[in-house]
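First comes the structure, then the notes that go with it.
In each ligand, atom 1 is the first atom listed, and ligand 1 is the first ligand listed.
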Amino acid sequence: MKKISWFEATSIEEAQRETNATVSEVLDKESGNGAIIKSGGIDVLDLMKESLIAPDKIVNIRNIPDLDQIEYDTKKGLKVGANVTLAQIESSADIKSNYLALHQSVAKAATPQLRNMSTIGGNLAQRTRCWYFRSIDHSCFRKGGTTCFAKNGENEYHAIIDNGSCSSVYASSVATALLAFEATLDIATPDGKSKQIKMDEFFVPPWVDSSKENVLKPGEIITAVMVPPFKKGTKSYYIKQGARASYDWALADVAIVLEMSGTRCKNAKISLGAAAPIPIRAENAEAILTEEGVSQASAAKAAESAMEKANPLEKNGYKVAIFKTIIKRAIERTV
Ligand SMILES: Cc1cc2nc3c(=O)[nH]c(=O)nc-3n(C[C@H](O)[C@H](O)[C@H](O)COP(=O)(O)OP(=O)(O)OC[C@H]3O[C@@H](n4cnc5c(N)ncnc54)[C@H](O)[C@@H]3O)c2cc1C
C-alpha cells in the first residue's frame, strides 16, 4: 500500500507551499504523484477509495483559522468562508431570509451528516459523479480517453444539453444557486495575492478541457464565496429533483432569482444544474420573464424555452419533463 503523508496547514500560505497539484492533475498522472489539498475530505476520500487518485501528500486546510466565518452586511453583501460547512449555511438566518435559494440548495444537498462535513470550497471543487468517470475500468474522455461511455451506455443521469463531447454533469447543486445569485469566488494565488472569479468563469466545460471542471491551478485556494447585497424586491427559489429525497445528487435542479418592482420583473436569473456538464443560465427563459412579467403563463413559456436546446440521450429524455416542471414551479413560487 502506498504511504501518504499528511500536512496540517495552519495558514493559507503554508498550505500553498505544501501543495503542488490539484485533484485533476493527480488523477491525470499514472503515478498519482502530488500533494493535494483537502477540506471536508468527502470527495478526496471517495476518489482515493475508487482508486482514481493516490496522492503522496494530503494538505489539510480544514483547520485554517478565518476560513469558517459567515459575514452578512446589507451594503457589502454576503461572505462565506471556504471552510464553512453546508450545515452552517443551512442554519444561517441571514442567508435564509436574504438568499432563500442558496439556503434551499444546501438544505437539499446530500444528508445531514454529509452537510456537517462538507465545506462550501470543497463542494464547489468536487469532481463529477458520472459513474463511468468514477469507474477505474473506464478510461473515459475526462480521464484522457477518447470515448464518453455514457453516450451509448447507461446515461439516465447524464446531461441533456451540450452533451456532445462528454455527458457528465457537475456534481455541486450549491453551484446552481450561486450562479443565479451571480456570486464571486475569492481565490488566494500562490504569489501571495488574491483574485476574484465570477461563478460563471469558474467552470470549465469539457470541450475546452476535459481533464477538469474548474479553473483552479495548483496552489490556488478558494478563501471565500461572495454574494452581492440583497436588493429590495428580490425573490429567489430553488428546487432539486433527485432519484431519492436524500443521500443523492440532483437529477435536475433549478435556481431562480428575480428582482421585482411591483408586478414588473426588472431582472431575472435562472440557472440549471445537472442539465449540462457545467451549471448553465437559461437566458432565453430569463428574457421572457423580464419582457412579459411573472405569471403562470410566462412561467410555462419560460420553462419551455429553457429546454429548447435539450438533446437528450437514449435513457434521459425524462429529464426534459422534470426540468420543465421544476422551472415553472420555482418561478411560480417566487411570487
Ligand atoms: C452521498 C452523497 C451525496 C451528495 N449529494 C450532494 C448534493 O446533492 N449536492 C451537492 O452539492 N453535493 C452533494 N454531495 C457532495 C458533498 O456535499 C461535498 O460537498 C463534497 O463531496 C466535497 O466537500 P468537501 O468539503 O468534503 O471537499 P473535499 O473532499 O475536501 O475536497 C473536494 C475537492 O475540492 C478541493 N478543495 C477543497 N477545498 C478547497 C478550497 N478551499 N479551495 C480550492 N479547492 C478546494 C479539493 O482539493 C478536492 O479536489 C454529496 C456527497 C455524497 C457522498
Close N or O approach ([X], ligand 1; < 3.5 Å):
{"X": "Gly121", "answer": "no"}
{"X": "Lys240", "answer": "yes"}
{"X": "Asp248", "answer": "yes"}
{"X": "Ser118", "answer": "yes"}
{"X": "Ala110", "answer": "yes"}
{"X": "Gly41", "answer": "yes"}

Exercise. Evaluating non-hydrogen atoms only, which member of Tyr170, Trp249, Tyr247 is closest to atom 13 (C) of ligand 1?
Worked result: Trp249
Exercise. Any idea which of Lys38, Gln126, Met48 brings a heavy atom closest to atom 15 (C) of ligand 1?
Worked result: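 Result: the heavy atom closest to atom 15 (C) of ligand 1 is in Gln126.
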Could you find the nearest protein heavy atom to [atom] and give me its residue, atom name and distance?
{"atom": "atom 49 (O) of ligand 1", "answer": "Val23 CG2, 3.0 Å"}
{"atom": "atom 39 (C) of ligand 1", "answer": "Ile37 CD1, 3.8 Å"}
{"atom": "atom 21 (O) of ligand 1", "answer": "Ile42 CG2, 3.4 Å"}
{"atom": "atom 9 (N) of ligand 1", "answer": "Ser173 OG, 2.7 Å"}
{"atom": "atom 32 (C) of ligand 1", "answer": "Gly122 O, 3.5 Å"}

For [X], atoms of ligand 1 separated by under 4.0 Å from a heavy atom:
{"X": "Ile221", "result": "41 (N), 42 (N)"}
{"X": "Val174", "result": "11 (O)"}
{"X": "Asp43", "result": "21 (O), 29 (O), 32 (C)"}
{"X": "Leu216", "result": "43 (C), 44 (N)"}

Closer than 4.0 angstrom, basic N to acidic O: yes or no for [X] and [Y]?
{"X": "Glu286", "Y": "Lys269", "result": "no"}
{"X": "Lys198", "Y": "Glu182", "result": "no"}
{"X": "Asp46", "Y": "Arg129", "result": "yes"}

Problem set entry | Residues forming a side chain to side chain contact (heavy atoms under 4.5 Å, CB included) with Asp191, sequence neighbours excluded | Thr189, Lys193
Problem set entry | Listed partners of Thr19 passing side chain to side chain contact (heavy atoms under 4.5 Å, CB included), at least two apart |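 Per chain and number, Thr19 pairs via side chain to side chain contact (heavy atoms under 4.5 Å, CB included) with Ile37, Val59.
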Exercise. Leu124 near ligand 1, heavy-atom distance under 4.0 Å?
Worked result: no
Exercise. Hey, is Leu114 touching ligand 1 through its side chain, its backbone, both or neither, going by heavy atoms under 4.0 Å?
Worked result: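 The answer is the side chain of Leu114.
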Exercise. Would you say Asp66 has more than 12 foreign heavy atoms packed within less than 6.0 Å of its CG?
Worked result: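 It does not: Asp66 CG has 12 such atoms or fewer within range.
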